[in-house]
Amino acid sequence: MEQIRLLSVIVDIIRQPIHQIKLQASPEGKVTLIAPEGVSLYELKKFVRRPRTYNWILQQTCNERIFVEEICVEIERKYIKRLNLRVLPGGKVKVSAPEQASTEEIRRLVASRIDWVRAALAKSPKTYAPEFQDGEDVPLWGERLTLRLQTPSLRNHVERQGNALVVFSRRELEPSECLKLLHVYYEGELRRAIDAVWQRCAEIVGTQPKSYLVQHNLRSRWGSCKIGKKIITMNTALVRYPKICMYYVLIHEFNHLWTRAHDAYFYANMDSFMPGWRKVRERLKLPPFALLGDAQLDMLNPFADERNC
């Protein structure tokens, strides 16, 4: 089989009786060039070395992730000369880098600007605005999963498969339809997580609501408590954050059954029920992708026996 070798990528060539050159990438990152039978290898090499084509190939095959301190950094290899560090809406930290740049060189750049990165993350809006494209990153309980769109399927549903969140559908979905399916999945995830720690939370706080609701349209609150009816409401967006964040919101709303206001008594209770809750609250002020591998926060889990639930 014919091949074109770039610096770190091998492109396989398949000859077919067609009129236009086509590029395909597999989920594993393997790139194949489908070419007309009469086009020379020299012309194909010129084609793949065009900046736009070259960048596309690198994006399919050379994306990496590194951690600098506690911050996850995505590396995007491109046909450029210099390193470019930026913080994207939604809390992603990304470095565009030449193909030949070393990981250590990129790590030094991020480390030298770590204070700027943290400040940019703190200012970044908390909203998560997915585009619902195959291969996109999606958050689930503090993990970064890959969104996979699979059609056709016998029914519309979402399930996790390893490090992927797979959306099965009978036909191709519009972004709004995909969002509805994810809301249903997130609601189920949140209910299961709440049910697993509900009784333990009641034991810690010393009281409990009669029931709870989950909603996906709470724009400015992670949860709420109707004290008179003893019903709490939880935001499904909590599913995008580490479970410790959901535990904090749950205890916070339980605590409102003792006192309506955020007064000294309320905060004293929080210190007793969940020492270190302030650190978890600060995590919720950042976007889902801002910090990953929140091992230090997990140590604050008040439900020690349910840590793996």
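Position 1 is the first residue of the sequence; numbering continues from there.
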From CD1 (Ile71) to CD1 (Ile66), nearest 0.5 Å: 11.0 Å

Chi angles and distances behind the side chain to side chain contact (heavy atoms under 4.5 Å, CB included) call for Leu250, Ile232: CA-CA 9 Å; Leu250 194 62; Ile232 66 172; 3.7 Å; yes

Shared hydrophobic cluster, Val249 / Tyr267 (ILVMFWY, side-chain heavy atoms < 4.5 Å): yes

Ile231 side chain reached by Leu213 side chain, heavy atoms, under 4.5 Å: yes

Non-hydrogen atoms of Arg283 and Cys245 that approach each other most closely: CG-SG, 3.8 Å

Ring geometry between His262 and His252 (parallel below 30°, tilted from 30 to 60°, perpendicular above 60°): tilted

Polar side chain donor-acceptor pair, Tyr265 to Asn255, under 3.5 angstrom: no

Interatomic distance, Gln161 atom CD to Arg148 atom CZ [nearest 0.5 angstrom]: 11.0 Å

Derivation of the salt bridge (Lys or Arg N to Asp or Glu O under 4.0 Å) call for Arg278 and Glu282: CA-CA 6 Å; Arg278 290 176 178 83; Glu282 291 302 310; over 6 Å; no

Parallel, tilted or perpendicular: ring planes of Trp198 versus Phe254, cut at 30 and 60 degrees: perpendicular

Closest approach of Leu238 to Trp141 (non-hydrogen atoms, all atoms of both residues): O-CZ3, 3.7 Å

Arg221 and Thr233: side chain donor to acceptor below 3.5 Å: no

Considering all heavy atoms, the nearest Arg191-Tyr212 contact: O-OH, 3.5 Å

